[in-house]
Amino acid sequence: MYDAMAGRYTFSCPRAGECRVSLSSFRTLERLPGAAHPVVYRVRFACSCGDEHDGLVSHDELDWAPLGLEGGVFLNLMTSRLEPVAAELGELAAARIGAGEWPWSFFCYPEERPRPVFPSAFMLLMPGEGTLGLAVRCPACTRTSVNLVSREHVDVPFHNDREVGVVEHVFEGDVHATLEEFRAELWSSRFDARRLALE
Ligand SMILES: [Zn+2]
Ligand SMILES: [Zn+2]
């Protein structure tokens with residue numbers, strides 16, 4: 001499903017048969033109820049054929065495969081070079097995380113602070129001009145924030161935008177429904193820039 005060489009997920013497309021999309025082409029992520037092991041997410045993604053389709057991704061593929069923790073070679077998206085196998089990379093990723101660097105982060109609006117996060121906490125991705133609206137369910141406080149980020153911020157592990165836009169709105173109730181409504185209004189909404197430096 002996840003192709004570490006290309007940094008892309010493979011799904012089936014009713015028109016093209018198969019398609020490969022990056023994380024930033026995901027539109028919604030929803031954890032499927034039941035089946036605790038393995039945990040599976042239903043993903044709606046924007047396909048290169050122009051339509052959106054549904055696909056399934058396991059928790060491991062979502063959070064760990066982009067870090068090269070699933071074996072084989074790994075394409076370093078920063079240098080466009082193939083890097084050694086997973087064991088070494090796993091250590092490298094672990095060392096960077098241990099040193100306080102995080103593969104992904106976001107700014108939690110209710111808590112007024114940046115937080116480390118993994119892709120499985122992403123709920124909704126809304127593409128705009130040059131940026132991406134990213135709704136994240138905070139792993140610490142469980143509340144939802146919407147940040148405006150670059151595609152690299154999502155697609156390239158350990159690439160964190162220095163500053164992100166933060167929508168000044170606290171999402172309550174049925175968050176998914178609220179976010180879908182909010183999607184249309186996002187680009188006219190009020191947001192402020194916040195620094196993403198993690199301590
Ligand atoms: Zn398609
Ligand atoms: Zn929070």
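Every number for a ligand or one of its atoms is a count from 1 in the order of the listing. All values below were derived from every heavy atom in this structure, side-chain atoms included, with hydrogens, water molecules and symmetry-related copies excluded.
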Provide the closest heavy-atom pair for Asp161 versus His153 in the form atom of the first, atom of the second, distance. N-ND1, 3.0 Å
Nearest atoms (heavy-atom pairs only) where Ser120 meets His59: OG-NE2, 3.7 Å
Once rounded to 10 degrees, what value does the angle at the Zn ion (ligand 1) take between SG (Cys47) and SG (Cys13)? 110°
In this structure, CG of Asn147 is separated from OH of Tyr109 (nearest 0.5 Å) by 12.0 Å
The SG(Cys141)-the Zn ion (ligand 2)-SG(Cys138) angle, to 10°, is 110°
For Glu111, what is the atom name of its N, O or S atom nearest to the Zn ion (ligand 2)? OE1
Row check, Phe171 ring normal vs Arg143 NZ/CZ: under 6.0 Å, within 45°: no
N/O/S of Cys49 less than 2.8 Å from the Zn ion (ligand 1)? yes
